[in-house]
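Just so you know, these numbers use all the heavy atoms, side chains as well, and skip hydrogens, waters and symmetry mates.
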Amino acid sequence: MDNLIEVKNLGISLTGNNVQLLEEVNFSIKSNSVLGLVGESGCGKSLTALALTRLLPEKVFQVKGDVFFKENNLIRVSEESLAGYRGGRIAYVFQEPTTSLNPVLTVAEQLSEVLKYHCPKIAPKDRRDTMLSALRKVGIRHSETRLEAYPHQLSGGEKQRIMIAMAVISRPELLIADEPTTALDVTVQAQIIELLKQLRRDYGLSILFISHDLNVVAQLADRICVMYAGRIVESGTAAVLIDTPRHPYTRGLINCLPERRDPLSGEFNIIPG
């Protein structure tokens, strides 16, 4: 399979003082595959995701390297060309749906905006049917009622499903899911993972799945990259990386999993600072 996206020597520093936040990050994602990006909070996972489509403010961050999406280098294309990728061919689902959804707009208004900008071929009279179909696809019950609801009237799981519906309604080629299950309880987490698996099967979707939880990533990813202090320190297939980790930090992450706690004392393992 050809690479859908290939990241080469991606680096991010603070503009003006050259503080390096990300160094020599390299990875690729093939069509219809899932790459898991794992690491602790602050290691650079979200920065990496935002840099792929130049969503970081240029006055604050300086980005170097290359991000090839098929034939085009997204770091070099014009802002006008990039608009066709953001939300269209590359879509995002962020960690906290409550802050991602507009609290004063209904679900219908927010989905309609996506269709207006990224699916202009869909006539206005057909948008409601398209939106209802998208809500049913992501498992929203009573979709007619939910379409007219405001975010505060939805549960946490419903909000995240709405965010996923907004992301995939334009049929993107790549979905970037930045810790989409962190704010949810364990049962809803499992449902969201199954939903992403189903969307991958149905749409041939490629996914960059970002998380600090190796257990969650292992359920979904074909390959995993482990990030530490702004660098990718280890990568490999999910099964091999978890069964035979080579880097000390990867081994530390795996030893921190709940099932690896001390059987006698019941204490959890920790990674020293």
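When atom types are taken as modelled, the side chain of Tyr92 and the backbone of Ala49 share a donor-acceptor pair closer than 3.5 angstrom. For the pair Glu173 (side chain) and Ser206 (backbone), a donor-acceptor distance under 3.5 Å is absent. With hydrogens and angles disregarded, no donor-acceptor distance shorter than 3.5 Å links the side chain of Lys70 to the backbone of Asn3. When atom types are taken as modelled, the side chain of Asp126 and the backbone of Ile122 share no donor-acceptor pair closer than 3.5 angstrom. At distances below 3.5 Å, at least one donor-acceptor pair connects side-chain atoms of Arg86 with backbone N or O atoms of Thr53.
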Side-chain donor-acceptor distances from residues 186-193 under 3.5 Å, at least two apart:
residue	atom	partner	partner atom	Å
Gln189	NE2	Thr181	O	3.1
Gln189	NE2	Leu184	O	3.3
Gln191	OE1	Arg161	NH2	3.2

Residues 60-69 side chain polar contacts: donor-acceptor under 3.5 Å, at least two apart:
residue	atom	partner	partner atom	Å
Asp66	OD1	Asn73	ND2	2.7
Asp66	OD1	Arg76	NH2	3.4

Side chains of residues 133-144: which donor-acceptor partners sit under 3.5 Å, not counting sequence neighbours?
residue	atom	partner	partner atom	Å
Lys137	NZ	Asp202	OD2	2.5
Glu144	OE1	Arg128	NH2	3.1

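When the salt bridge (charged side-chain N to carboxylate O under 4.0 Å, His left out) test is applied to Lys116, no partner is found at least two apart in sequence or on another chain. With sequence neighbours left out, the ring pair (Phe, Tyr, Trp, His ring centres under 6.0 Å) criterion links Phe209 to no other residue.
Taking the charged nitrogens against the carboxylate oxygens, Lys159 and Glu96 have no contact shorter than 4.0 Å, which rules out a salt bridge.
For residues 233-254, every residue pair satisfying the ring-ring contact (aromatic ring centres under 6.0 Å, His included) rule, not counting sequence neighbours, is listed here: Tyr228-Tyr249.
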